[in-house]
2 protein chains.
Amino acid sequence: MPKDTFFNLDGAKQKKIFEAAVDEFSQRRFSEASINQVVKNAGISRGSFYQYFDNKEDLYLYTLKQIGKEKLNIIGRVGELKPDADFFDGYMYMFRAALEWSTAKPEYYRIGMLMELDDSRFVSELRKASPEGFLMLKGMLEKDMQLGRIRDDVDAGLVVDIIYTLNLYLLTQYFKEDNKAELTEKAEEVIRIIKEGIVRK
Amino acid sequence: MPKDTFFNLDGAKQKKIFEAAVDEFSQRRFSEASINQVVKNAGISRGSFYQYFDNKEDLYLYTLKQIGKEKLNIIGRVGELKPDADFFDGYMYMFRAALEWSTAKPEYYRIGMLMELDDSRFVSELRKASPEGFLMLKGMLEKDMQLGRIRDDVDAGLVVDIIYTLNLYLLTQYFKEDNKAELTEKAEEVIRIIKEGIVRK
DNA sequence: ATAGTATATGACAGGGTTGTCATTTTTGGC
DNA sequence: GCCAAAAATGACAACCCTGTCATATACTAT
């Protein structure tokens, strides 16, 4: 947690530091991100930084928390908005929402992606501790299984792992191309494959 | 390419350096691997290293090449061994072979995995330049499509991307658990899902 | 044995990183 | 205006890293 001195700062300065952190963490993985860069971008001295935060982890946690607030507001409401959508529609809704959001706040999104790619001890633990997206998908899938919409001999956890993995793949792979339409199509095709299989019947 | 001085070394010393490189590159991604570690493990001086290799890239390339020789020998013969297997059987065959190999030479396998995870410029380029596994899978799939075994409205490239991605996921995710039986089951289940879909018909 | 070549070495320069701390500056209350 | 408390600062120690280079050692062939 940031120290009091940080929260005593006026809003503009807090924001400037937050933005510098976002900038850095959206370009490099946590393990490679440099506080030197952050302080440079924020226009504060190295000494000041350590008066605000304990260390890089502290700053990272703070940054994620800030972003998390916005993120959950936008993406986390699939259940509310589409109460009786099936799993596949639910996922696509989520996917579209995430994509919109990634267009609005690409840096935030990149941080999330880099976090998934990071294999440092700290970030791995962190990821394990907050499996929101994963659990939401799993819940949706299990509901559909109970409703008999999904074959009951599949392993729900594995299916969600699969979709989660492919989701990340889609976003990383096609992120740079910046072609929302094409990306959405790919996602739909992926879902259709998971849903129907690829074998000719 | 390593310098002449390296190839002039007696076999044992070459091997020791190779093994030190394997050790390092199987623990850290290329971008994070340290030559200091390599020279320490190999028991040579820093100066000597640069008498043998231009730099870290040079050593990495050499290491991959050495490993590649063995790898292709074991895994790359799916076509020969199972000439009329379908795509799914072919994949599972490959998967099992890869798994066997990863048990025999876990360090080599880890290097491959870390390479997939690396996003440094150099490694990305390198990966693009040698898409053996990817192309083999794609070839097998296209053959099956021509034979009418696969729905012809699916995008072969995408399907292979999916399987490739999930393959990597399976191996990274369950690597540490070291439970071959369970891992193989998961792979089979993944393939079954891709093949049949998960929706109740 | 000697001369010349090939190889081995570690100190070095120059770059990066983090976290600390004595000192200076700013701020706010009286 | 003054003073104490809070905040800002950058130099510093300590630790990484890479690639070079002058020097020392070993080898080889005459």
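Note that this is a predicted model, so its numbers are computed, not measured. Chain naming here is simple, since letters A, B, ... match the order of the sequence lines and numbering starts at 1 in each.
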Checklist entry - B:Tyr62 vs B:Phe6 aromatic rings, parallel, tilted or perpendicular, using cut-offs 30° and 60°? => result perpendicular
Next on the checklist: Please tell me if B:Tyr52 has a side-chain N or O lying less than 4.0 Å from either OP1 or OP2 of C:dA8.
Outcome noted: yes
Checklist entry - C:dT9, D:dA8, D:dG19: which one has an atom nearest the side-chain heavy atoms of A:Leu9? => result D:dA8
Checklist outcome for this item: Taken to the nearest whole Å, CZ/B:Arg46 to P/D:dT23 is 21 Å
Checklist entry - What is the distance from CZ of A:Phe53 to C1' of D:dA8, rounded to the nearest Å? => result 15 Å
Next on the checklist: Does A:Ser34 reach a base, just sugar-phosphate, or nothing at all? Heavy atoms under 4.0 Å.
Outcome noted: sugar-phosphate
Next on the checklist: From CD1 of B:Ile44 over to C1' of C:dT7, roughly how many Å is that when rounded to an integer?
Outcome noted: 12 Å
Next on the checklist: With a cut-off of less than 4.0 Å, is there a side-chain N or O of B:Lys56 near OP1 or OP2 of D:dC17?
Outcome noted: no
Item to check | Between P of C:dA8 and CD1 of B:Ile17, the distance in whole Å | outcome: 8 Å
Next on the checklist: Judged by each residue's nearest nucleotide on DNA chain C, which is more toward the 5′ side, A:Ser48 or A:Ile35?
Outcome noted: A:Ile35
Next on the checklist: Counting only side-chain nitrogens and oxygens, does A:Asn55 get under 4.0 Å of the OP1 or OP2 atom of C:dT18?
Outcome noted: no
Checklist entry - Taking atom C1' of D:dC17 as reference, at what distance in whole Å does atom CD of B:Glu24 sit? => result 12 Å
Checklist entry - Could you give the NZ-to-C1' distance, from A:Lys40 to D:dG10, as a whole number of Å? => result 15 Å
Item to check | Listed partners of A:Glu142 passing side-chain contact (heavy atoms from CB on, under 4.5 Å), at least two apart | outcome: A:Lys138, A:Ala156
Item to check | Integer-rounded Å distance: C:dT7 C1' and B:Asn8 CG | outcome: 10 Å
Checklist entry - Whole-Å distance between D:dT18 P and B:Asp58 CG? => result 14 Å
Item to check | Sub-6.0 Å ring centroid separation between A:Tyr91 and A:Phe87 | outcome: no
Checklist entry - Just to confirm, is there a sub-4.0 Å distance from OP1 or OP2 of D:dG19 to any side-chain nitrogen or oxygen of B:Tyr50? => result yes
Next on the checklist: Angle between ring planes, B:Phe30 versus B:Tyr60, binned at 30° and 60°: parallel, tilted or perpendicular?
Outcome noted: tilted
Item to check | Charged N-O contact under 4.0 Å between B:Lys195 and B:Glu189 | outcome: no
Checklist entry - Between B:Gln51 and A:Gln51, which has a closest nucleotide on DNA chain C that is more 5'? => result B:Gln51
Checklist entry - Looking across every strand, which nucleic acid part, if any, lies under 4.0 Å from A:Lys3 by heavy atom: base, sugar-phosphate, or nothing? => result nothing
